[in-house]
J.: 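Input: one structure, supplied below.
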Amino acid sequence: MGTLLDEIIEYGGEVFGKEHMETVRECVQCGKCTGSCPSGRITAYRTRKMIQMARMNLREVLSMYELWFCTTCFTCYERCPRGVKVTDIIRTMRNIAVSEGHMSFSHKKVATYVFKTGHAVPIGEPQMKLREGVGLDPMAPTTQKFPEQLEQVREIVRTTGFDKKVGFDWETMKLREELEEGK
Ligand code: SF4
Ligand code: SF4
């Protein structure tokens with residue numbers, strides 16, 4: 001088995017291209033990503049540390065809760081002096097983490113919104129009013145307006161097994177974690 005770094009490059013390479021992912025090798029640990037990170041200002045999340053742990057083949061980085069604190073704002077990506085595609089590397093690390101059974105509760109919750117409505121951020125009354133105010137149809141042409149399309153989203157979720165990874169129960173439309181805790 002290769003190193004975690006090889007895995008990140010291979011896994012992310014399928015989406016972003018290997019050259020893009022290989023930039024992880026260019027990190028010089030300058031810390032500009034950490035210094036720019038809005039999430040790191042208020043949490044224990046340290047971008048530079050995540051990248052270095054991956055480079056050192058420290059697989060425990062995949063189960064660290066902080067991995068989920070990145071908001072994917074792309075500031076580090078824009079500012080890295082070495083052209084490391086930081087955000088995409090972090091996102092790939094998350095994908096690998098999920099495949100190994102690690103995912104934050106908040107991200108699982110967001111996934112349930114997709115399963116229920118087709119939206120990570122469902123359109124509610126306030127958004128509908130805003131749309132109406134500027135002369136738009138209050139319902140955007142999405143799965144919320146066309147529920148038959150929602151079934152297609154759910155089919156993708158089931159076919160890829162994403163529902164199982166998240167631990168979603170279709171009968172109650174809740175996460176197993178929520179059911180266990182009686183939420
Ligand atoms: S800004 Fe770039 S080179 Fe500097 S620590 Fe972050 S990833 Fe590494
Ligand atoms: S993309 Fe993530 S790691 Fe990079 S600055 Fe934004 S929150 Fe921090």
Side-chain angles (χ1 to χ4, degrees), residues 1-115 118-121 142-143 149 152-168 175:
M1 195 167 127
T3 63
L4 175 57
L5 203 63
D6 293 334
E7 214 178 311
I8 291 168
I9 294 166
E10 187 72 33
Y11 205 106
E14 287 178 25
V15 180
F16 304 110
K18 276 198 181 173
E19 208 178 306
H20 189 90
M21 299 305 292
E22 290 273 4
T23 59
V24 66
R25 300 192 195 277
E26 300 300 319
C27 174
V28 290
Q29 286 291 290
C30 70
K32 198 164 184 179
C33 50
T34 297
S36 312
C37 180
S39 179
R41 265 176 236 145
I42 51 165
T43 69
Y45 176 68
R46 298 291 177 263
T47 320
R48 173 174 61 170
K49 178 177 163 188
M50 296 287 149
I51 299 286
Q52 189 61 358
M53 285 182 80
R55 285 159 53 98
M56 292 174 72
N57 200 27
L58 297 171
R59 292 193 76 84
E60 54 266 43
V61 69
L62 301 175
S63 56
M64 283 170 70
Y65 208 69
E66 292 102 291
L67 185 59
W68 298 93
F69 290 169
C70 167
T71 62
T72 62
C73 71
F74 282 84
T75 309
C76 54
Y77 186 105
E78 297 291 342
R79 293 190 177 171
C80 173
R82 300 286 294 170
V84 179
K85 307 300 181 194
V86 191
T87 317
D88 295 337
I89 291 156
I90 297 291
R91 292 198 291 171
T92 302
M93 284 163 71
R94 283 182 179 175
N95 286 347
I96 298 172
V98 171
S99 73
E100 296 190 359
H102 309 292
M103 189 176 187
S104 80
F105 181 74
S106 335
H107 283 75
K108 285 183 188 170
K109 273 303 269 187
V110 172
T112 66
Y113 298 141
V114 177
F115 304 166
H119 287 255
V121 182
T142 69
T143 46
Q149 305 296 335
Q152 291 185 19
V153 173
R154 290 178 175 171
E155 195 51 42
I156 294 169
V157 168
R158 289 191 187 99
T159 308
T160 56
F162 188 47
D163 51 347
K164 289 193 179 65
K165 280 199 165 42
V166 171
F168 187 70
L175 293 169

J.: Any salt bridge linking Lys85 with Glu22? Criterion: basic side-chain nitrogen under 4.0 Å from a carboxylate oxygen.
T.: no

J.: State, to 0.1 Å, how close Cys76 and Thr87 come at their nearest heavy-atom pair, and which atoms those are.
T.: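 Looking at all heavy atoms of both residues, the closest pair is SG-OG1, 3.6 Å.
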
J.: Compute the ring centroids of Phe168 and Phe162, then answer whether they are less than 6.0 Å apart.
T.: no

J.: Looking at Gln149, is its backbone amide N or carbonyl O close enough to the side chain of Thr143 to form a donor-acceptor pair, meaning the two atoms are under 3.5 Å apart?
T.: no

J.: What are the two closest heavy atoms between Gly13 and Met21, and how far apart are they?
T.: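 For Gly13 versus Met21, the nearest heavy atoms are N-CG, 3.5 Å.
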
J.: So which heavy atom on Glu66 is nearest to which on Tyr45, and how close?
T.: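 Between these two residues, the closest heavy atoms are O-CD1, 3.0 Å.
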
J.: To the nearest 0.5 Å, tell me how far Met53 CE sits from Met56 CE.
T.: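 Answer rounded to 0.5 Å: 8.5 Å.
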
J.: Identify the heavy atoms of Val166 and Ala111 that sit nearest to each other, and give their distance.
T.: CG2-CB, 4.1 Å

J.: According to the interplanar angle, ranging from 0 to 90°, do the rings of His20 and Phe16 count as parallel (below 30°), tilted (30 to 60°) or perpendicular (above 60°)?
T.: parallel

J.: Would the number of heavy atoms belonging to other residues, nucleotides or ligands and lying under 6.0 Å from CD of Glu10 be above 12?
T.: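 No, CD of Glu10 has 12 or fewer neighbouring heavy atoms, counting only those of other groups under 6.0 Å.
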
J.: Can you find a heavy atom in the side chain of Lys165 that is under 4.5 Å from one in the side chain of Met103?
T.: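 Side chain of Lys165 against side chain of Met103, heavy atoms only: no contact under 4.5 Å found.
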
J.: Near Arg79 CZ, under 6.0 Å, is it more than 12 heavy atoms from other residues, nucleotides or ligands?
T.: no

J.: Would you check if Met64 and Met93 make a side-chain contact, meaning some heavy-atom pair closer than 4.5 Å?
T.: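 SC-SC contact between Met64 and Met93 ruled out.
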
J.: Run the side chain to side chain contact (heavy atoms under 4.5 Å, CB included) test on Ser106 and Lys108 for me, step by step, so that the C-alpha distance in whole Å, both residues' side-chain angles and the decisive distance to 0.1 Å come before the verdict.
T.: CA-CA 5 Å; Ser106 335; Lys108 285 183 188 170; over 6 Å; no

J.: Give a yes-or-no answer on whether the side chains of Asp6 and Thr3 include a donor-acceptor pair shorter than 3.5 Å.
T.: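 Yes, Thr3 and Asp6 have a side-chain donor paired with an acceptor closer than 3.5 Å.
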
J.: Mind checking the CD-OG1 spacing from Glu155 to Thr160? Nearest 0.5 Å is all I need.
T.: 10.0 Å

J.: Specify the closest pair of heavy atoms between Leu67 and Val61, including all atoms of both residues, with the distance to one decimal.
T.: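 Closest approach of Leu67 to Val61: CD2-O, 3.9 Å.
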
J.: Using modelled atom types and a 3.5 Å cut-off, is there a donor and acceptor pairing between side-chain atoms of Arg158 and backbone atoms of Asp163?
T.: no

J.: Which heavy-atom pair separates Asp88 from Thr92 by the least distance, and what is that distance?
T.: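 Heavy atoms only, the tightest pair is O-OG1, 2.7 Å.
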
J.: Quick check: does any side chain N or O of Arg94 sit under 3.5 Å from a backbone N or O of Trp68, one acting as donor and the other as acceptor?
T.: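 Yes.
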
J.: Can you tell if the side chain of His102 reaches within under 4.5 Å of the side chain of Val98, non-hydrogen atoms only?
T.: no

J.: Has the side chain of Arg55 got a donor or acceptor atom that lies under 3.5 Å from a matching backbone atom of Leu5?
T.: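 Not confirmed, Arg55 side chain does not pair with Leu5 backbone.
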
J.: Walk me through whether Arg59 and Glu7 qualify under salt bridge (Lys or Arg N to Asp or Glu O under 4.0 Å).
T.: CA-CA 11 Å; Arg59 292 193 76 84; Glu7 214 178 311; 2.9 Å; yes

J.: Tell me if a side-chain donor or acceptor on Arg82 pairs with a main-chain N or O of Glu26 at a distance below 3.5 Å.
T.: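 Between the backbone of Glu26 and the side chain of Arg82 there is a qualifying donor-acceptor contact (under 3.5 Å).
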
J.: Show your reasoning for whether side chain to side chain contact (heavy atoms under 4.5 Å, CB included) applies to Val15 and Asn95.
T.: CA-CA 11 Å; Val15 180; Asn95 286 347; 5.9 Å; no

J.: When you look at Cys37 and Phe69, which way does the side chain to side chain contact (heavy atoms under 4.5 Å, CB included) test go after all the steps?
T.: CA-CA 10 Å; Cys37 180; Phe69 290 169; over 6 Å; no

J.: For Val24 and Ile8: C-alpha separation, side-chain torsions, deciding distance, then whether side chain to side chain contact (heavy atoms under 4.5 Å, CB included) applies.
T.: CA-CA 9 Å; Val24 66; Ile8 291 168; 5.5 Å; no

J.: So, does Thr34 use its side chain to make a donor-acceptor pair with the main chain of Arg48 at under 3.5 Å?
T.: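 Yes; judged by distance alone, with no hydrogens or angles, the pair exists.
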
J.: Inspect the surroundings of CD in Glu19 and state if more than 12 heavy atoms from other residues, nucleotides or ligands are less than 6.0 Å away.
T.: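 Count not over threshold, so no.
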
